[in-house]
Chemist: 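Quick one: this structure, given as C-alpha cells, is what I'll be asking you about.
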Protein chains: 2
Amino acid sequence: MPAVINPVASFSPLYAQIKALILARLQASEWLPGEAIPSEMELAARYLVSQGTVRKAIDELASESLLVRKQGKGTFVATHQREDWHYRFLRLAPDVGQQLLLKNHFLLCEIAKPNPRISQLLQLSAEEGLFRIERVQSFSGKPIVFEEIWLPVTRFEGLTLDALKSWPGLTYAFYESKYATHMVRAEEQIKATSLEASIACHLDLAIGSSVLSVERVAFTYGDQPVEVRRALYDTTEHHYENKLN
Amino acid sequence: MPAVINPVASFSPLYAQIKALILARLQASEWLPGEAIPSEMELAARYLVSQGTVRKAIDELASESLLVRKQGKGTFVATHQREDWHYRFLRLAPDVGQQLLLKNHFLLCEIAKPNPRISQLLQLSAEEGLFRIERVQSFSGKPIVFEEIWLPVTRFEGLTLDALKSWPGLTYAFYESKYATHMVRAEEQIKATSLEASIACHLDLAIGSSVLSVERVAFTYGDQPVEVRRALYDTTEHHYENKLN
DNA sequence: CAGTGGTCTAGACCACACT
DNA sequence: GTGTGGTCTAGACCACTGC
C-alpha cells in the first residue's frame, strides 16, 4: 500500500510527489549545489516509500540535470562550479580545431534604463530595477562575442563591475556562489543581423558585417526567469552547434 | 539469475543487450514506422528476461524518440508521418504570432557535382553519386527558407523532381515511405552570412543581407548519416529557437 | 471484459568508492 | 569491510483503450 503523501488533491503518481518534495528542498537551498543529498534508502525511509519509488523520482531529476548520480558515492546537487560543466550552455565551437576556451573581459555594470521588453521576459514590473552588464569574450586574442546581460537588482543586490572582474570562473558559478542562484535551463532565440557601429569596434569587424544574434533567457528552479542575455557572435571562424533529437 | 543473451563479450547490463536487440530489429525494418512492436510481456518471454528489464530497454528507446509508448494501446515505432511530428526538427518560429506552416516549392533535383565536403559528411567515397535538390519554403506568400539538400544516389535510387513535387507531406515522411529511411536525429551548425547574388532572388532580399545559414546532417538508425542540408533563413521576422537543458 | 502500459513493492545481488 | 548507486526479478495492482 503506497504511503499517501498528499491525500487531498493530485492523482499524480507517488514518485512524482517525491520528486516535488526533493525539488522543493533544492529550491529552498536546503541542499546546496555540489553537496550530496541523502541516500536513496534514507529518503525512502523518510518518505515511507520503497527505494524504487525514490529512485524513479531521482532518475527524472537527474535526466533534467538538477541532480547528478555517482555510483558508489551518492547523488549530488548539480553545480556550475565544476570543470565538466563549463560548457553546459555554450554552443559556440570553432569550425576547425579543439573546443575553445574563451577569455572574459567585462566592460561595464550599471543600472539599466527601463526596458519593458527585458522586464517582461524576466516577469518583473516596469518599476523593478535592472542591472545591465557588458562584456567581450575572446579566443586567442580575437574578440568573438559581445554580450549584454540583464539581471534583476532585487536578486543581485550590490553587484559591481569589480566583483565581476575579480571572479575567476564562469558567470553562472558566480551567481551560484554569491547570490545562491543556480541556473537550470535556458531558452535561446537566434537571428542573423547586421553589426551596428556602436558594437563593431568591440568585435573588430566592419560595420554591417553579418553576425549571429543570440538572445537567451535563463531560468532557476521552478522555471523562474532570472537572467536575459543578448550576445553577438562573430561566426566567420566559429559556429553555433545544435543537436536535434 | 539473468539470462545471458551474449555470453561471450560485453559486460553491459541485460537491459542494454535487450535494447540492442530491439534496435537491430528497427534497423532491419522488421518493425516499420507507425507499427506496434510486441508487448512488454511478449518480449520478456521471447528474450527470457523479466518485464522490468524489457521496460527499461524500451524506456531508453522511447526517451531517444525511436519508440513511442501509448498507455493501454502499445508501443509504436516512431514515424514522421504524423501530425504531431511535423515540427520535430524545425526550429524556425515567427517572432510574433502562431507557429508557422511552411509551403514547399521544389526547384530542381539533379546529380550533384562531386563535392568532397558533402561526401565526407555522408561518409561516402568521392566516387559515389549524390543528388542535389533545391527548394524554397514560404510563409503566407513570403519566401523564408532557401535550401539545398544532398542525398546518396545508392539509397535514393530513381529520385526525381516530379516525385518530390507530387508528395503532399513532409520530406522526412517521403524518405520513410518511399525509401524505407527513417531519420532519427540531426546535428546543425549555424552561422550568420551575407546573402549571395545567386540566391538573393529566391528569398526576395537584397544582396548582402544578413541571413542565417543552417547546415544539417541527418542520421538514420545506427548513427548513419543519410542527408545533408544547407538552408538559408530570412530572420527578419522569424528566429531559430533552441532550448538548453 | 481482456490486453496494454504505468506504478509500487520487497528482496537479492552487482559494481564502485572510500577507508 | 561498509555504504552508495545500478541491475534484475516476481508479483500485485492501477489506468487507459477498445471490443
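Here is how names work: the chains are called A, B, and so on, in the same order as the sequence lines, proteins then strands, and each is numbered from 1. Computed from heavy atoms alone, side chains included, the values below leave out hydrogens, waters and symmetry copies. Just so it is clear, the model here is predicted, and its values are computed rather than measured.
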Chemist: Enumerate the residues from residues 51-58 of chain B whose closest heavy atom to DNA chain C is under 4.0 Å, giving them by residue number; use none for an empty result.
Modeler: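 Nucleic-acid contacts, sorted: Arg55(B).
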Chemist: Given atom CD of Glu35(B) and atom P of dT4(C), what is their separation to the nearest angstrom?
Modeler: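 Rounding to the nearest Å, CD of Glu35(B) and P of dT4(C) are 16 Å apart.
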Chemist: Would you kindly give the OH-to-C1' distance between Tyr15(A) and dT9(C), to the nearest whole Å?
Modeler: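 To the nearest whole Å, that distance equals 16 Å.
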Chemist: Take the protein atom CZ of Arg69(B) and the nucleotide atom P of dG3(C), then report the distance between them rounded to whole Å.
Modeler: 19 Å
Chemist: Between P on dT9(C) and CG on Leu43(A), what's the gap in Å once rounded to a whole number?
Modeler: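 These atoms are roughly 14 Å apart.
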Chemist: Between P on dC8(C) and CD on Glu60(A), what's the gap in Å once rounded to a whole number?
Modeler: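 Taking CD of Glu60(A) and P of dC8(C), I get 11 Å after rounding.
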Chemist: OP1 or OP2 of dA10(D) sitting under 4.0 Å from any side-chain N/O of Ser50(B)?
Modeler: no
Chemist: Taking atom P of dG5(C) as reference, at what distance in whole Å does atom CG of Asp59(B) sit?
Modeler: 11 Å
Chemist: Does dG5(D) have OP1 or OP2 under 4.0 Å away from a side-chain N or O of Lys73(A)?
Modeler: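 No, outside the criterion.
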Chemist: Does Lys103(B) make a cation-pi contact with Phe139(B) (under 6.0 Å, within 45 degrees of the axis)?
Modeler: no
Chemist: Do any side-chain nitrogens or oxygens of Ser39(A) fall under 4.0 Å of OP1 or OP2 in dT4(D)?
Modeler: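 Looking at the OP1 and OP2 atoms of dT4(D), one of them is under 4.0 Å from a side-chain N or O of Ser39(A).
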Chemist: In plain terms, say whether Glu227(B) and Arg229(B) are close enough for a salt bridge, that is, a side-chain N and a carboxylate O under 4.0 Å apart.
Modeler: yes
Chemist: When you measure from the centre of the six-membered ring of Tyr240(B), is the NZ or CZ of Lys191(A) under 6.0 Å away and within 45° of the axis?
Modeler: no
Chemist: Specify the residue among Pro38(B) and Ala16(A) whose closest nucleotide of DNA chain C lies further upstream toward the 5′ end.
Modeler: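 Checking each residue's closest nucleotide, the 5'-ward one belongs to Pro38(B).
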Chemist: Salt bridge check: are Glu176(B) and Lys178(B) linked by an N-O gap of less than 4.0 Å?
Modeler: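 Judged by the 4.0 Å cut-off on N to carboxylate O distance, Glu176(B) and Lys178(B) do not form a salt bridge.
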Chemist: Going by atom type alone, with no hydrogens or angles, which donor-acceptor pairs under 3.5 Å involve a side-chain atom of residues 52-60 of chain A and a protein atom two or more places apart or on another chain?
Modeler:
| unit_1 | atom_1 | unit_2 | atom_2 | d |
| --- | --- | --- | --- | --- |
| Thr53(A) | OG1 | Ser50(A) | OG | 3.4 |
| Arg55(A) | NH2 | Glu40(A) | OE1 | 3.0 |
| Arg55(A) | NH2 | Glu40(A) | OE2 | 3.3 |
| Asp59(A) | OD1 | Arg69(A) | NH1 | 2.4 |
| Glu60(A) | OE1 | Lys19(A) | NZ | 2.9 |

Chemist: Taking CE from Met41(B) and P from dG6(C), how many angstroms apart are they, rounded to a whole number?
Modeler: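 Atom CE in Met41(B) sits about 13 Å away from atom P in dG6(C).
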Chemist: Check the distance between dC13(D)'s P and Gln71(B)'s CD and give it to me in whole angstrom.
Modeler: 18 Å
Chemist: Between Glu187(B) and Lys243(A), is the closest basic N to carboxylate O distance under 4.0 Å?
Modeler: yes
Chemist: Run the ring-centre check on His182(A) versus Tyr221(A) and record whether the distance is less than 6.0 Å.
Modeler: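 Yes; Tyr221(A) has its ring centre under 6.0 Å from that of His182(A).
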Chemist: Are the charged groups of Arg216(A) and Glu147(A) less than 4.0 angstrom apart, N to O?
Modeler: no
Chemist: Let me confirm one number: the CH2-OH distance from Trp85(A) to Tyr172(A), rounded to the nearest 0.5 Å.
Modeler: 12.5 Å
Chemist: Could you provide the dot-bracket string of DNA chain C, using ( ) for intrastrand pairs, [ ] for crossing pairs and | for bases paired to another strand, with Watson-Crick or G-U pairs below 3.5 Å?
Modeler: ||||||||||||||||||.
Chemist: If you check every side-chain atom of Leu14(A), which of dG6(C), dC8(C), dG5(D) has the closest atom?
Modeler: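 Of dG6(C), dC8(C), dG5(D), dC8(C) is nearest to the side chain of Leu14(A).
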